[in-house]
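Keep in mind the model is a prediction, meaning the values are calculated, not measured. Numbering of ligands and ligand atoms starts at 1, following listing order.
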Amino acid sequence: MTHHMYLIMLDGTLVVAPVENPQNILDVGTGTGIWAIDVADLFPSAVVVGTDLSPIQPSWVPPNCKFQVDDAENDWSFPRDHFDLVHSRHLMTSIRDWPRYIGQIYESLKPGGWIQMLEHDFILVSDDNSLPPGSQLRLWFDLYNQAADKIGLPSIAHKLSGMLSDAGFTEVTQTPHRLPWGPWAKDKKLKEIGAWMLANTETSLEAYGLAFMTRVLGKTHEEAQAICETAHKELRSKRVHAHNLHYVIIGRKPLEPLSP
Ligand SMILES: C[S@@+](CC[C@H](N)C(=O)[O-])C[C@H]1O[C@@H](n2cnc3c(N)ncnc32)[C@H](O)[C@@H]1O
């Protein structure tokens, strides 16, 4: 659902970075592998590798697509100067040391190769006060951010372009997309995205919230589940008009090595 939602957001574009005739592509933390599979179909002459901690990817995939179990936070064993494109999406709760992670991506890219990232912030806002202080949805986000800060996984989406520049990337752009949480927007495309977002929250509020609230913040399972359920009910009610920012960030490894 998230993949589909982002395809609508990007008008069907899988690869925003202006790569030409790529030979080697990496998708870090590939999840179901859906981006890697689609990109393998898009570039049949490229080899697309998807890595993840969990081997949950399907085995019936394009012949130029393969998956490996790998921890992106370990030292990378990929050759230096190898990939034309490295893709990284929705790893906000996965990576602790972002500068190190981005540094390893930089090393693995060919000179002239591109990085493409997509992450969102965890600041849900409404323009019409439809997220009142007592809102359980608001509480969900407050608790999420408290827990994330406590265990060293703070929100980094808005900082990524700066991190790419610090790592040596050039031609860095960060494009924010404001997406609605629910099908309340008048704009047809945003309405459709909002509908997918709502469908996603059916499971994602619990998937992202339960462990944080119980294991990190000490709430009981019942308390945490009640917050997730009520938050989802608020979203479904259509009374809440909330949105947040999703950032697409790209950057290019310079063709010439950086001067020391
Ligand atoms: C929210 S999913 C995103 C999946 C995919 N990137 C997408 O956008 O469709 C996050 C994925 O990162 C993986 N992950 C978490 N920590 C990781 C790590 N240290 N190394 C590799 N993968 C990791 C998880 O197993 C999960 O599949």
Any N/O pair I34/ligand 1 closer than 3.5 Å: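 No: no nitrogen or oxygen of I34 is under 3.5 Å from one in ligand 1.
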Side chain or backbone, does Y208 bring an N or O within less than 3.5 Å of an N or O on ligand 1?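 So ligand 1 has no N or O lying under 3.5 Å from an N or O of Y208.
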Checking a contact table here: which protein heavy atom is nearest [atom], and how many Å away?
{"atom": "atom 14 (N) of ligand 1", "answer": "S94 OG, 3.9 Å"}
{"atom": "atom 9 (O) of ligand 1", "answer": "R89 NH2, 3.1 Å"}
{"atom": "atom 20 (N) of ligand 1", "answer": "A72 N, 2.8 Å"}
{"atom": "atom 23 (C) of ligand 1", "answer": "L53 CG, 3.7 Å"}
{"atom": "atom 5 (C) of ligand 1", "answer": "G29 O, 3.2 Å"}

Just which atoms of ligand 1 are under 4.0 Å from any heavy atom in [X]?
{"X": "S54", "value": "25 (O)"}
{"X": "D71", "value": "18 (C), 19 (N), 20 (N)"}
{"X": "G31", "value": "4 (C), 27 (O)"}
{"X": "L91", "value": "10 (C), 11 (C), 12 (O)"}

N-O pairing of K110 and D84 below 4.0 Å: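 Here K110 pairs with D84 in a salt bridge, since their nearest N and O are under 4.0 Å apart.
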Who's closest to atom 2 (S) of ligand 1 heavy-atom-wise, of Q68, E119, H90?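 Residue with the shortest heavy-atom distance to the ligand atom: H90.
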Closest to atom 25 (O) of ligand 1 (judged by heavy-atom distance), picking from D52, D27, T30: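 Answer by nearest heavy atom: D52.
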For D70, state whether at least one heavy atom is located under 4.0 Å from any atom of ligand 1.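 For ligand 1, residue contact (heavy atoms, under 4.0 Å) with D70 is present.
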Testing the 3.5 Å rule here: is there a donor-acceptor pair between the side chains of [X] and [Y]?
{"X": "Q57", "Y": "T32", "value": "no"}
{"X": "D121", "Y": "H158", "value": "no"}
{"X": "N200", "Y": "E202", "value": "no"}
{"X": "S88", "Y": "Y101", "value": "yes"}

Checking Q116 side chain against A17 main chain: does a donor-acceptor pair fall under 3.5 Å?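 Side chain of Q116 to backbone of A17: a pair is present.
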Salt bridge (charged side-chain N to carboxylate O under 4.0 Å, His left out), that's the test. Do K189 and D11 meet it? Break it down for me. CA-CA 9 Å; K189 177 169 148 178; D11 299 318; 2.8 Å; yes
Under 6.0 Å between ring centres: does that hold for H177 and H120?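 Centroid distance H177-H120: not below 6.0 Å, so no.
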As a quick check of understanding, evaluate side-chain hydrogen bond (donor to acceptor under 3.5 Å, both in side chains) for Q136 and T230, giving each step before the final call. CA-CA 6 Å; Q136 296 296 288; T230 315; 5.0 Å; no
